[in-house]
Structure formats: C-alpha cells, structure tokens
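Here is the structure we will look at.
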Amino acid sequence: CSLCAAAVWRERPFRDAENLASCFGDFIDRLPISGKEGILRLHPDLAGRLAQAGQLTSESTREQASAGLNTMTEEERQRMTNLNKRYTQKFGFPFVICARENKKDAILRGLGERLENAPQTEAITGANEVKKICRLRLLDLVKPDSQLNS
Ligand SMILES: NC(=O)NC1=NC(=O)NC1=O
C-alpha cells in the first residue's frame with residue numbers, strides 16, 4: 001500500500017527491517033476502521049479470479065502457493081469461492097489472511113469462522129493479517145547487513 005509507505009517514510013531512519021515493519025504496523029493500528037477497510041479492499045481474493053487468471057503479483061502468487069491454494073480440489077475451490085463471496089457481501093471488503101502462516105485447510109476453516117464475526121472485529125482482524133503479510137514481505141526485501149557485505 002503506497003500510502004502506508006509514503007506515511008511511514010517520515011519515521012526514517014529505521015534501525016532494521018523489524019523496526020521498519022513495526023512502523024508500518026503502528027501506522028495501520030492507528031488508522032480508523034474506514035482506513036483499515038480501505039487497506040483490505042486493496043487485497044486480491046485468495047485463489048480468486050485474479051489467481052486463476054495468473055494476474056496476481058509475484059508476492060501474492062508465491063504466498064498463496066505456499067498455503068497450497070494452487071492445488072485445491074474443485075470442491076475446495078468452489079467452497080473458497082462461495083465463502084469469499086459471502087464474506088465480501090457481508091463486510092464490503094475481502095477476507096484477508098497471512099497465507100504464509102496458514103495452509104489451505106486452516107484458511108478455509110478461518111474463513112468460515114470469521115464470517116460469523118461483527119464487521120468492526122473483522123476490519124481489525126483483517127488489518128492484523130495485513131501487518132503479518134507486510135512484515136514478511138519487508139523481511140524478504142530488506143537484506144540483513146551481513147548479507148549486504150557478502
Ligand atoms: N486475500 C488474501 O488474504 N490475500 C493474500 N494473503 C496473503 O498472504 N497473500 C495474499 O495475496
């Protein structure tokens with residue numbers, strides 16, 4: 001989310017990647033519910049039409065594959081599509097979960113369980129998942145000093 005990056009820039013210099021990630025997390029935490037919902041609306045569905053069309057970013061493609069979402073049976077894919085549709089119809093933003101910390105069974109279970117939550121709860125829960133995704137992507141991007149000198 002480029003707005004988050006443009007905002008967090010003011011906190012520079014950063015001690016290391018973890019400090020950078022926590023600045024992103026703090027910024028997301030301080031957003032009002034509408035801002036958290038906005039960030040969630042920027043995320044593609046899990047195993048959704050973009051994934052099936054091969055139009056996900058490389059990061060999302062890798063993350064969703066690591067959860068096994070690219071090897072679902074037709075029944076699992078249909079269940080995911082139906083649950084994603086119900087979730088987005090109820091909350092007005094997509095279901096977001098850190099795919100690198102879950103496998104497809106946990107994701108399908110989490111989607112069914114979280115569908116029962118209140119909207120504000122889900123905006124906060126989804127934003128916390130975005131923070132996990134963001135931290136892992138930052139750690140991939142920002143190499144530790146030891147690697148820089150190699
Ligand atoms: N809707 C989503 O949860 N999307 C994603 N989660 C990830 O970890 N990567 C994604 O693209």
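Counting starts at 1 for both ligands and their atoms, in listed order. Scope of the values below: all heavy atoms of this structure, side chains included, with no hydrogens, waters or symmetry mates.
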Is the shortest distance from a Lys or Arg side-chain nitrogen in [X] or [Y] to a carboxylate oxygen in the other one below 4.0 Å?
{"X": "Glu122", "Y": "Lys90", "result": "no"}
{"X": "Asp140", "Y": "Arg135", "result": "no"}
{"X": "Asp29", "Y": "Lys131", "result": "yes"}

Return the [atom1] to [atom2] distance between [X] and [Y], rounded to the nearest 0.5 Å.
{"X": "Glu74", "Y": "Thr81", "atom1": "CD", "atom2": "OG1", "result": "8.0 Å"}
{"X": "Cys134", "Y": "Phe27", "atom1": "SG", "atom2": "CZ", "result": "11.0 Å"}
{"X": "Arg114", "Y": "Arg109", "atom1": "CZ", "atom2": "CZ", "result": "13.0 Å"}

Indicate yes or no: does an N/O atom of [X] lie under 3.5 Å from an N/O atom of ligand 1?
{"X": "Phe95", "result": "yes"}
{"X": "Ile97", "result": "yes"}
{"X": "Gln64", "result": "yes"}

Under 4.0 Å from a heavy atom of [X]: give me the atoms of ligand 1 that qualify, with their elements.
{"X": "Pro44", "result": "1 (N), 2 (C), 4 (N), 11 (O)"}
{"X": "Cys98", "result": "8 (O)"}
{"X": "Ser60", "result": "10 (C), 11 (O)"}

Checking a contact table here: which protein heavy atom is nearest [atom], and how many Å away?
{"atom": "atom 8 (O) of ligand 1", "result": "Ala99 N, 2.8 Å"}
{"atom": "atom 9 (N) of ligand 1", "result": "Glu63 OE1, 2.7 Å"}
{"atom": "atom 5 (C) of ligand 1", "result": "Leu46 CD2, 3.8 Å"}

Next item on the list: Select one of side chain, backbone, both or neither to describe which atoms of Glu129 lie under 4.0 Å from any atom of ligand 1, heavy atoms only.
Entry: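 Contact part for Glu129 vs ligand 1: neither.
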Check: Is it the side chain (CB and beyond), the backbone, both or neither of Ile133 that lies under 4.0 Å from ligand 1, heavy atoms counted?
Finding: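 Just the side chain.
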Next item on the list: Could you tell me whether the side chain of Lys103 and the main chain of Gly68 form a donor-acceptor pair under 3.5 Å?
Entry: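 Checked: no pair found.
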Note to self: Looking at Arg41 and Gly92, would you say the former's side chain and the latter's main chain have a donor-acceptor pair under 3.5 Å?
What the structure shows: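 Yes, the answer is positive, given that a donor and an acceptor are paired below the 3.5 Å cut-off.
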Next item on the list: Would you check whether Pro94 reaches within less than 4.0 Å of ligand 1, judged by its heavy atoms?
Entry: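 Not so, Pro94 does not reach ligand 1.
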